[in-house]
Every structure is written in structure tokens, then in C-alpha cells.
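Both counts, for ligands and for their atoms, begin at 1 and track the order of listing. Keep in mind it's a predicted model, so treat the numbers as computed, not measured.
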Amino acid sequence: MISGDRRCLVAGNWKMNGLLDEAMAYIEALGENPAPEKVEIAIMPPFTLLHPMGERLERKGIRLGAQSVFYEEKGAFTGSISPLMLRDAGCHYVILGHSERRDILHEANEVILKKLKASWKAGLEPILCIGEHLDEREAGKTNEVLREQLSILEGTDPAAPLTVAYEPVWAIGTGVTPTLEQVEETHAFVHEELKRYGRTCRVLYGGSVKPSNAEDLMSCAGVNGALVGGASLDPRSFMGIVEAAARAVS
Ligand code: PEP
């Protein structure tokens with residue numbers, strides 16, 4: 001069902017958290033060989049930790065990702081980081097379209113599309129986040145919102161690597177999760193929508209994933225892994241989610 005028969009992915013989005021000492025202790029706490037056979041692990045620390053963490057994570061079989069990127073290659077864009085810089089720092093993934101950037105930094109679809117194209121050009125794999133707000137779900141507009149967010153894929157190369165993360169905004173950092181039925185229903189819709197653009201790719205679930213609910217969420221049809229925020233900050237709870245993923249796919 002997923003092109004290339006890819007493993008499920010558990011990705012940790014550290015957001016604006018993490019200092020050098022903490023990051024080194026975290027990597028140590030992950031142990032020697034943290035990735036189970038059927039699970040891919042990725043960590044997205046803040047930009048300042050990409051270089052010091054990259055090689056150390058690679059030695060443990062963990063991929064590195066960034067939380068955002070600018071769409072130009074280089075030049076007079078004070079404060080911005082380019083896709084080439086992310087590649088240079090060892091990144092494989094970049095998160096795009098996270099709701100915190102859509103809502104707080106007003107990133108619109110047009111900008112996300114530019115970032116998507118620039119990331120592909122540099123050889124990065126984007127993790128494109130989509131998701132509805134609570135009022136939109138309550139108004140029965142979930143599919144409409146997701147369709148609009150995915151519409152930026154129109155005309156893009158279906159072979160360019162992509163992972164999508166469905167993250168209901170009302171579930172992010174709230175401790176509230178959708179019902180398993182809602183998760184399955186929405187993931188089925190997202191996979192169908194992706195077919196319109198010639199794509200069969202992984203669709204992660206994100207929003208208050210923790211060790212106690214991870215196995216149920218990742219056992220849902222159409223869920224191909226998890227994007228984890230808060231619970232990825234503690235190595236034990238992050239590894240608890242990785243182990244739950246391994247059980248869910250076995
Ligand atoms: C996120 O920010 O992508 C996220 C899913 O956060 P949390 O796990 O804390 O809800």
C-alpha cells in the first residue's frame with residue numbers, strides 16, 4: 001500500500017526545546033540499538049542541535065530532521081535556514097506546514113508549496129502536516145480542510161519523496177485524541193486524496209501520542225507511524241512509543 005514498502009515512522013518533534021547538554025544525555029539514554037526492525041526513528045531538534053546530534057544519531061540508526069526551512073538556497077534572508085544548510089547538517093527530513101507555523105507564523109499554502117519544492121530540490125524528504133481546528137471538525141468541515149491543504153500537491157512530481165502527518169490541531173499538546181474510528185476514517189480519506197495526486201505514501205498520526213495510547217493509534221488502518229511532540233522530549237516515553245509502534249506493526 002505504501003510505495004517502496006517503507007517501514008512505519010516514529011518522529012519526534014522537539015519544537016523549541018533542548019540545550020546541548022540535554023541533547024547529549026538524551027542520545028545516551030536511547031541505548032545502543034534503539035530502532036526495532038520494522039520501525040524507523042527520526043528526531044527533529046531545534047536548528048542549533050542539528051550538527052551536534054546528527055552523527056551521533058546516525059550511529060544509532062536514527063534519522064535527523066528539521067522543524068522548518070526557508071525556500072531560498074542562500075542570500076539576504078536574515079534569520080533563515082536554507083534546505084541546503086539542512087542537508088549539510090545531515091538532515092533527511094523536514095517538517096512543513098505544522099499547525100504552529102500555520103497559525104502563529106501565518107504560513108499559508110503558497111509558502112508551504114515553495115518550501116516543499118525547495119526541500120525536494122535539495123534532496124530532503126518533507127513531512128507535510130495537515131489538520132483541522134476543532135470548530136472545523138464540529139462544523140463537519142474536516143475533509144474540506146484537509147483537501148485544501150493537500151491541494152498544494154497538484155502538479156508536483158508523485159515520485160518526489162513525501163510523508164504526510166495528519167494532526168488534528170485540537171489534539172496537539174492537549175492530551176485529547178480523536179476516537180480510533182475518527183482516526184481510521186480520516187486516514188482513509190487522506191490516503192484517497194493522495195491518490196488524486198498519484199501518491200501512495202505514509203500518513204502518520206500526530207496529536208497527544210504517548211506510550212499508553214500509541215499502540216492503539218498506530219494499529220488503526222491507514223496509520224503508518226506517529227509524529228510526536230511533547231512525549232518525544234523524554235527518551236523513555238519516546239522509546240515507549242517506538243516499542244508500541246513495533247507491536248502495532250507485528
Ligand atoms: C506536534 O507538535 O506535532 C505534536 C503532535 O505535539 P504533541 O504530541 O505534543 O501533541
**OP:** Select the closest option to atom 8 (O) of ligand 1 among P168, A11, G229, judged by heavy-atom distance.
**Re:** G229

Can you list the atoms of ligand 1 that are under 4.0 Å from a heavy atom of [X]?
X    : value
G207 : 5 (C), 10 (O)
G230 : 7 (P), 8 (O), 9 (O)
S208 : 7 (P), 8 (O), 10 (O)

Distance from [X] atom [atom1] to [Y] atom [atom2], nearest 0.5 Å?
X    : Y    : atom1 : atom2 : result
K74  : S80  : NZ    : OG    : 15.5 Å
S151 : R196 : OG    : CZ    : 9.0 Å
L96  : Q67  : CG    : CD    : 12.0 Å

Subject >> N-O pairing of R102 and E107 below 4.0 Å >> reply: no

Subject >> Lys/Arg N to Asp/Glu carboxylate O, E125 vs R202, below 4.0 Å >> reply: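 A salt bridge is present here (some side-chain N lies under 4.0 Å from a carboxylate O).
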
**OP:** Assess the pair W14 and F238: is the distance between their ring centroids shorter than 6.0 Å?
**Re:** no

Original post:
At a 4.0 Å cut-off, with the gap strictly under it, does some heavy atom of K210 reach an atom of ligand 1?
Top reply: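 Contact check K210 vs ligand 1: negative.
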
**OP:** Determine, using heavy atoms of G173 and all atoms of ligand 1, whether some pair is separated by less than 4.0 Å.
**Re:** yes

**OP:** Classify the contact between A171 and ligand 1 as side chain, backbone, both or neither, using a heavy-atom distance cut-off of under 4.0 Å.
**Re:** backbone

**OP:** Of the side chain and backbone of N13, name the one, both, or neither that has a heavy atom under 4.0 Å from an atom of ligand 1.
**Re:** side chain

Looking only at protein heavy atoms, which one is nearest to [atom], and how far off is it?
atom                   : value
atom 2 (O) of ligand 1 : K15 NZ, 2.5 Å
atom 5 (C) of ligand 1 : E167 OE2, 3.0 Å
atom 1 (C) of ligand 1 : H98 NE2, 3.2 Å

**OP:** Please assess K141 against E132 for the test salt bridge (Lys or Arg N to Asp or Glu O under 4.0 Å), listing each intermediate value before the final yes or no.
**Re:** CA-CA 8 Å; K141 291 187 173 159; E132 81 287 359; over 6 Å; no

Original post:
Are there more than 12 heavy atoms of other residues, nucleotides or ligands under 6.0 Å from atom CG of D21?
Top reply: no

